[in-house]
Structures are given as structure tokens and as C-alpha cells.
**Q** 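Before anything else, here's the structure in question.
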Amino acid sequence: MADEPAAVLIDGVSVTYAASDKTAVGPVDLVIRPGERWLLLGASGSGKSSLLNALTGLIPHAIAAKRSGEVRLLGEDVAARTPAEWSSTVARLFQKAEQTLCGMTVADEIAFALENQALPVAEIATRTETVMGSLGLPPEWRDRRTSRLSGGERQLVAIAAIMAQDAPILVADEPTAHLAPEAARRLERRLRDVPPDGAALVVDHRLDDLIPLIDRVAVLGDDGRIVVTGCPRKVFRDHGQTLDRLGIWRPIGSRLADRLMALGHEADPQPLTLAEALQAMDRLPLTLLDRARATLVDFIAPRIAQAGAIGATVAQLQNASCAPLFAKPVLQKVTLSIAAGEVVAILGANGAGKSTLAASLAGLLRLKAGRRDGAMGGISFQNPDSKFIAGSVGEELAAALEAAGAKAEAADVAALAERWRLVTLLERHPMQLSEGQKRRLSLALLMAGDRFPLIVLDEPTGGLDAAGTEALMDEVDRLRDGERAVAIVTHDMDFALATAPRWIIVGEGRILADGPASELMRDGALMKRAGLAPPHLLQALDWLEKEPVPAC
Amino acid sequence: MLKTVHPLPKLIVALVWLAGSIAVFDASFQIVMILTCVTVLILLERLSPVLVLALMVPFALFGAGFITTSVLFRQESEFAVQMAQETPFGDGRLQAGIVLFLRAIACGMVSAVFVLTTDPGSFVKALMVNWRLSPRVGYALFAALQLVPDLASELQQMRLARAMRRGAPPRRIPGPIEVGSLVVPLIAYAIRRAGDTALAMESRGLGASSQRTVIGAPVSSKRDAIFCLAASAWLLSIYWLTSQAPL
């Protein structure tokens, strides 16, 4: 076994883009053994995607950047083949579905890599059917163009295309970012089925559901170098503070375990998931149980949004038919309102019509029927790119402040940049930013000058690291306290619970439910019907409600 | 209905019709060609008459340039003036301009019929299977064909973003200033999109092997032969009828 080559060997690899004299990532050393599943963590802009591009040879073959060091896949130098020739060995899921898909119909997208491998027609048909079935893609999607699908649906098709490829090494960049919880769980199978001679390397900012499947974690620091590697339980236990300092995600179970450790109880093994942490609490001696319950209450409190004072109605839809531009209505008979000081989460399966509802609520889409009243809202689009018009981040921020009628002096721009951790990026062109940095810029532009009484955030956490997500949560609180109305479209149920006391659940072409989060998240039938899963924190709430059974 | 016809016979028919439109310098011939295309799109393909009229606008604007050039700048060819002398549109210069104007619309509408009734994916597959087009070239062509609807979609997204900055919903039809301000961002998007597609195709193995399976390529049938014969017969009929009684 000792002579078996590493599935992926990264030896002193660093990447420098042609337009920059600064190293984007590296030097990095990683050895991924056959059969291992790795999670690569790092703050936005730390160079994770660049490292993945170097790993499959896209850098320097297809992307203008210089790579130094050595990459070997299953023992072979990556430079020995073109990226296309590696496709039978490496399946690569890019951060944005548009980067994985080629714009064909769903069936053609899934079959594309298999056609390139010259597989027999019958085998391609079988694999396509199997993958569509396992990911729950409806057969009527087969002939639908991927550009006609919603962002989340496209992500599902991209995953299907990668799964069909059946390559031994999987490299996935934020695979769950735009997936509804039910859809994200279907990824589990692909990760579980890593072949003995293959490997998986996943980059993600939030992976609570899949973290038990991960064998090893590597953390990239802000300088693009590895800070720590190891098994997840050890990394999250021993380096939790480092991760927090770097603004990097860690599992909720690990965070709760830290609190328990502060009580003098160290769970063994170190919990990763909330369920494991709660099981550890079940084993606590009676002397510690009350303090542990109080600790859990403290832990939960900031993670559940509380309804505050609500003002006048800011916008309302009455009997509205909501449709994307130049398309048929996807939601009918929508009646809802949102008031000043209110934060609402719009939830539903991929393709349910959440983004259309959000844009209609903001007044950006004309209704096919019904009526909208209220002021125009501002919206943060799922894809931030279309919002950028200036030549640098600083110019974008200044233009946004001016548009809002606010002062746009250098000090004002600097203050706004500081708020969104963009200070070091002011001279950069917006398109040179990482996806997480683009997201922060997009949110900063929207909120500059506080000009909108209604703010709609469409998948705002996509690409954001933990620090970015926390800053966003603070910003939502600030908006609520400033009597703004906020609507958040998200698949992150814990983020929804932490920010929005009211949930609107969309599905079957209409609003399925509109009510307090505390009630809706406990309605299992509704969650299932809408393709959702309850927030992880519900397990903790349930634990608090049950009768304590002291350990012997 | 034309969507079920094999793309390659349909392409040949379209090229023959385009050649006919270029070769026959007669206003009535061009008018009947335009009417034929409009009828096909409205009656057979069930497109809205408004949409079909809207499709003709850019070709008409392009064709209008020929009229002004012919009348004002006398840039017409001697042949065109000679051919147009016998028509009832006034002097030869105007007549030549009008025929050229109609020809621009006719050529545009023939192309529109082909594009609107042909799936780009099927077209590229047919080229690769039947005419041995290289997959790299074929998929580059495919990506270029698909870019048009993607650009339209991105355009709408940009318009929504700008509308939000203005604080008003976007106008149904963008004004010239708005269109002008969107050109550069759209070109930038097109370049990014092309780059993304190239990376996606590369990382999924396009060109890795000289052998390649093509699934779902269109298959020829008797229907295609009937279509070719009918389209050619109708073209000849138009020519014969209009040459008997030219405008």
C-alpha cells in the first residue's frame, strides 16, 4: 500500500495570473490518498478556485496564468495530458453552473462528456437515465435548454453531468451553493461512492450535511498557503479559533462542542454535527446538565431571528401572477405584503419561482395579472456580474453612493469598503474578484446610502465565507432596525432561521404557506412537499423541549 | 412543422432560396418570397404575426439603406438600373433601390425561417455526422448560435439592474440611449460567456479523442425529400409566375 501513488499529489504548487505580479495561491503541498474525500476551506479570495484550476491543468493550458510546482493525478504528471484528456479521470464541477454547462439541452449536457469518451450510444442512454433518476430530474426536462432553467436547477443539471462522467476523481467547487436542501442531500451519494482508487476534493463554505463524509480537511489562509490539514474532528477542535479569525466556516456541531468544552466537558470523539453534539450532551452527568442546557439556550438565541416592531406596509402584491421577463407566469394568485422593520425569507425547491416572486415584490418585473402597490425595491441578483458597470471596485462604490444621493468622497467610499471587507480590493476590476468578493461588492452596492425602503436579497450567501455571512446577518439586523423591509431568497435554512422570523414557502405554482418560521419549520409534511429540510437548529430546539434523562 | 425536417436538406433549400433571391432582380419575385416566408412562420410554425413583423424590422432597416444609397448617392450598379427600368416604381434609381430593399427583407426572412425552425444542437450534430464537421468547430458554432438567446437573457438582467438604480421598472422597449449604454457590457459578457463555454467543453473532454459518439443526431426520411421537392417546385413556380407578369 505504501507504494500506491497518491490519487492527487500537489507539490509546491503556486499560481500567478498573467495580469498580476502577486501569487494568487501557494505554494501548496497536498497529498490525497486513494479513496479519500477532502474538504478545502478558505476565506473568499484565498485562491481555492485557482488551485482547482491548476489541479486539472486548466492553468496554464486554458487560463492565462503561470503555475509552478508539480501536480500528479493517479501518479501521472498533469502536464502529460491536456485538460480534455484528463476528463475521463477527473470530473470538475465549477463554482457557477454556467462554467460547467455548455448551453445545450439537459439530456445533451449530461451526455456530452460521455460522447467525448466515445462510449456506445446504449451506455450513454442508460447513464443519462440513471443519473436523472437519482438526482430527481423530471423526464420532461430532457429537451429543455439549461439556460431556461432557474439557477438552482442549472446547478442540479451540472451535478448530473458530472455524476454521469463517472470519473474516479471528483473536484467540486461549492456544489451546494444554490441547491435546495433536498437536492443537496442527493449529492451525498456521489461523495459516498468515491471509488477505492479515486478521490474527491470539495470546496465549500457550508457543508453541515456532508461533513460526516469528509476524511480530511485542508485550510487555505488569506495568503493562499495551507494553514492546517488533518481529519475534520481534529482540525475543528484544535484550530477553531484560527478558522474563526480567518472568517472560515466550521460545522455547527463543532461550535457547540466548543461551548461544552468550556464547561469542562470534552466529548470524545469531537462532535461534527449538531446531532453528535446533542448526543454528547445526553451523556453529560446530572451536575453539568443544567449548565449545558443554559449554554445551549445561549448558543441558540442569536441563531433564531425574533420578530420586532413592524411599521407600515412597504410593498404588497394582490392576486398577482408573477412571471420572468417574456415568459409565462410561474406563480399565480399571490397575495402578500411586507412591512417596514420586517424580514421575510422566501423558501422553496429549485425552480419553484422564488427569484421571480422576489423581483415582482421589488417591482422590477411587471405582473401578468393582479396588482402591486408600494415603493420600488432594490435587489441583489443571484448572479452579481450584471450589476457591475465601472472599471474598479472603488468606482463602483462611489457610483452607488452618488446614485443613492449620499456623499461619495474618498472617506465615504473607504468607510463603505471597510464595512464589506473590500478595502484591499478598491483598485481591482470587479470581474477580477473571486465569486465571494463579487457577492460582497454586489451587497455593498445595493445597501450603499440606504436608498431603498425594500431590500430583496436573492441567494445572498452564495460564495460568501463565514465572515461574509456574519457581516450580512449584521447588515440585515441593521436594515430591520432602520425600518427597512427585507425579503431574502435562500436555500440555507439556518440562515433563514437566523435572519427572518417570517417565512413564505413557494411551490406548486403558488404560495404554499406564509407564517412564523417557528411554526412552519416544524411542519414536516409542508417541508417535504416544498422540497425543503428543516434547519439543523430544530434538533437543538427539540432537545431542549424533551425531558432530561440524566446519565448514570 | 418545418422543425421536423432534417436540418441539412433544409439548409440546402434555404441556400437555394437565398441564391434565387440574389439572382432574380424582380420586385414581385421578392415580394412573393417574403409572403411565402411570412405564411410559413404564421400558419405552419404558429408564430405571432406581430413577432413576424418585428422580425422584419431589422432587415427592413438594412434594406432601406439601399433605397437611400440608390436615390441619393447613385451607387447602384448599371445592371440593377437596367433591370429595374421596366418596373412601375418611378425612375430606375428608385426602382433599383426598392428591389434591393425587398431583397434584403426576403433574404432575412428566408434565414429567419431556417433559424426559427432549426434546433442549433440538431444542426450541429447533423453537420458532424453527415458532413464530418470537426467537433471543435461544430461546438464552437453551436456556442455562437446559443449566444444569441443568452445575450437576450443577460440584456434583460442588466436592464433590471439599471432600472433598479433609476428607481423605476424597465421600459418595455429600451430607448436608444439605454441600448447604447448596454453595448459594451454585453460585448464583455459575450467574451466571458465564450470563455466559460470553452473551459466547460475542454474540462468535459471535447477533442480528447479522435473518436466521438454523437447521440440524437437527426435521421433523414422521405419527408425531407418531399420537403426539398415541394420547396424547389414552389420557388420555380414563383419565378415562372412573376416573370410572366412582372411588376
Side-chain angles (χ1 to χ4, degrees), chain A residues 56 58 61-63 81-88 90-92 94 96 98-105 107-108 111-121 124-125 145 147 161 165 325-326 359 362-366 376-379 381 383 385-389 400 403 431 446 451-452, chain B residues 119-122 124-125 128 135-136 139 142-143 145-147 149-150 152-170 172 181-182 184-186 188-189 191-193 195-217:
Chain A
T56 51
L58 286 171
H61 184 85
I63 297 172
R81 300 193 221 167
T82 63
E85 287 166 346
W86 278 112
S87 68
S88 55
V90 185
R92 171 75 198 273
F94 288 86
K96 290 197 291 186
E98 292 77 7
Q99 294 170 311
T100 305
L101 304 175
C102 310
M104 307 167 193
T105 62
D108 283 349
F112 183 67
L114 311 179
E115 290 177 289
N116 291 332
Q117 291 173 26
L119 294 182
V121 171
I124 293 176
R145 269 201 67 203
S147 58
Q165 211 168 322
L325 271 172
F326 306 126
L364 282 172
L365 288 176
R366 290 175 202 277
M376 178 103 176
I379 187 165
F381 293 107
N383 175 9
D385 293 7
S386 47
K387 224 173 173 179
F388 305 140
I389 52 174
M431 291 303 167
L446 177 66
R451 64 184 287 209
F452 296 108
Chain B
D119 171 57
S122 300
V124 169
K125 285 177 180 179
M128 288 191 294
R136 277 192 183 278
Y139 279 104
F142 170 80
L145 290 171
Q146 297 290 41
L147 194 59
D150 287 351
S153 162
E154 183 65 15
L155 172 73
Q156 295 313 327
Q157 184 91 336
M158 287 177 184
R159 291 190 66 214
L160 286 182
R162 281 150 197 256
M164 190 180 75
R165 286 197 177 191
R166 279 198 317 272
R172 284 184 199 281
S181 71
L182 287 166
V184 172
L186 274 178
Y189 167 79
I191 294 168
R192 280 203 310 278
R193 184 80 190 95
D196 283 351
T197 305
L199 280 186
M201 290 182 176
E202 174 95 43
S203 66
R204 287 166 69 197
L206 182 64
S209 150
S210 54
Q211 299 289 315
R212 191 177 186 280
T213 309
V214 177
I215 59 158

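Each chain gets a letter, A, B and so on, in the order its sequence line appears, and its residues count up from 1.
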**Q** Pick one of side chain, backbone, both or neither for A/Gln165, based on which atoms fall under 4.5 Å of a heavy atom in chain B.
**A**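 Just the side chain, heavy atoms under 4.5 Å.
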**Q** Roughly how far, to the nearest 0.5 Å, is CD of A/Glu98 from CZ of B/Arg192?
**A**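 B/Arg192 atom CZ to A/Glu98 atom CD measures 11.0 Å (nearest 0.5 Å).
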**Q** For B/Leu155, give me all partners under side chain to side chain contact (heavy atoms under 4.5 Å, CB included), at least two apart in sequence or on another chain.
**A**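 B/Leu155 satisfies side chain to side chain contact (heavy atoms under 4.5 Å, CB included) with B/Arg159, B/Leu182, B/Leu186 only.
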**Q** For B/Lys125 and B/Ile215, indicate whether the former's side chain and the latter's backbone hold a donor-acceptor pair under 3.5 Å.
**A**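 Checked: pair present.
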**Q** Pick whichever of A/Ala403, A/Cys102, A/Ala107, A/Gly363 has the most heavy-atom pairs under 4.5 Å with chain B.
**A**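 It is A/Cys102.
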**Q** Which atoms of A/Arg145 are under 4.5 Å from chain B, going by heavy atoms: the side chain, the backbone, both sets, or neither?
**A**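 Just the side chain, heavy atoms under 4.5 Å.
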**Q** Restricting to ring-ring contact (aromatic ring centres under 6.0 Å, His included), what partner residues turn up for A/Phe112, sequence neighbours left out?
**A**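 Scan of A/Phe112 (ring-ring contact (aromatic ring centres under 6.0 Å, His included), adjacent residues dropped) gives B/Tyr139.
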**Q** Identify which part of A/Phe388 has an atom lying under 4.5 Å from any heavy atom of chain B, answering side chain, backbone, both or neither.
**A**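 Interface part for A/Phe388: neither.
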**Q** When rounded to the nearest 0.5 angstrom, what is the spacing between OH in B/Tyr189 and CD in B/Glu154?
**A**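 Between B/Tyr189 OH and B/Glu154 CD, I get 5.0 Å after rounding to 0.5 Å.
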**Q** Could you check A/Asp385 against A/Lys96 for salt bridge (Lys or Arg N to Asp or Glu O under 4.0 Å), going step by step and ending with a plain yes or no?
**A** CA-CA 12 Å; A/Asp385 293 7; A/Lys96 290 197 291 186; 3.2 Å; yes
**Q** At a 4.5 Å cut-off on heavy atoms, which part of A/Leu119 comes close to chain B: side chain, backbone, both, or neither?
**A**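 The backbone, not the side chain.
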**Q** Before giving the answer on side chain to side chain donor-acceptor pair (under 3.5 Å), spell out for B/Arg212 and A/Asn116 the whole-Å C-alpha distance, their side-chain angles and the decisive distance to 0.1 Å.
**A** CA-CA 5 Å; B/Arg212 191 177 186 280; A/Asn116 291 332; 2.6 Å; yes
**Q** In terms of heavy-atom proximity below 4.5 Å to chain A, should B/Ala163 be classed as side chain, backbone, both, or neither?
**A**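 It is both, since atoms from each part get that close.
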**Q** Does the side chain of A/Val121 come within less than 4.5 Å of B/Thr213's, by heavy atoms?
**A**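 Counting from C-beta outward, B/Thr213 and A/Val121 do come under 4.5 Å.
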**Q** So which residue, A/His61, A/Arg92, A/Arg366, ends up with the most heavy-atom pairs under 4.5 Å with chain B?
**A**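 Heavy-atom pair counts peak at A/Arg366.
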**Q** Report the option among A/Val90, A/Thr82, A/Leu101, A/Leu365 that has the most heavy-atom pairs separated by less than 4.5 Å from atoms of chain B.
**A**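 The answer is A/Leu101.
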**Q** Top residue by heavy-atom pair count (under 4.5 Å) with chain A, among B/Arg193, B/Gln211, B/Arg162?
**A**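 Of B/Arg193, B/Gln211, B/Arg162, B/Arg193 has the most heavy-atom pairs under 4.5 Å with chain A.
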**Q** Counting heavy-atom pairs under 4.5 Å to chain A, which of B/Gly195, B/Ala161, B/Ala188, B/Gly207 comes out on top?
**A**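 Top count of heavy-atom pairs under 4.5 Å with chain A: B/Ala161.
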**Q** Can you tell me how far apart OG (B/Ser203) and CH2 (A/Trp86) are? Round to the nearest 0.5 Å.
**A**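 Output value for this atom pair is 14.5 Å.
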**Q** Identify which of B/Leu199, B/Leu160, B/Asp196 forms the greatest number of heavy-atom pairs closer than 4.5 Å to chain A.
**A**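 The residue among B/Leu199, B/Leu160, B/Asp196 with the greatest pair count is B/Leu160.
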**Q** So which part of A/Leu58 gets closer than 4.5 Å to some heavy atom of chain B, the side chain, the backbone, both or neither?
**A**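 Side chain of A/Leu58 only, per the 4.5 Å heavy-atom cut-off to chain B.
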**Q** Could you check which of A/Ala359, A/Ala84, A/Ala111, A/Ala62 has the highest count of heavy-atom pairs closer than 4.5 Å to chain B?
**A**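 Answer, by heavy-atom pair count under 4.5 Å with chain B: A/Ala84.
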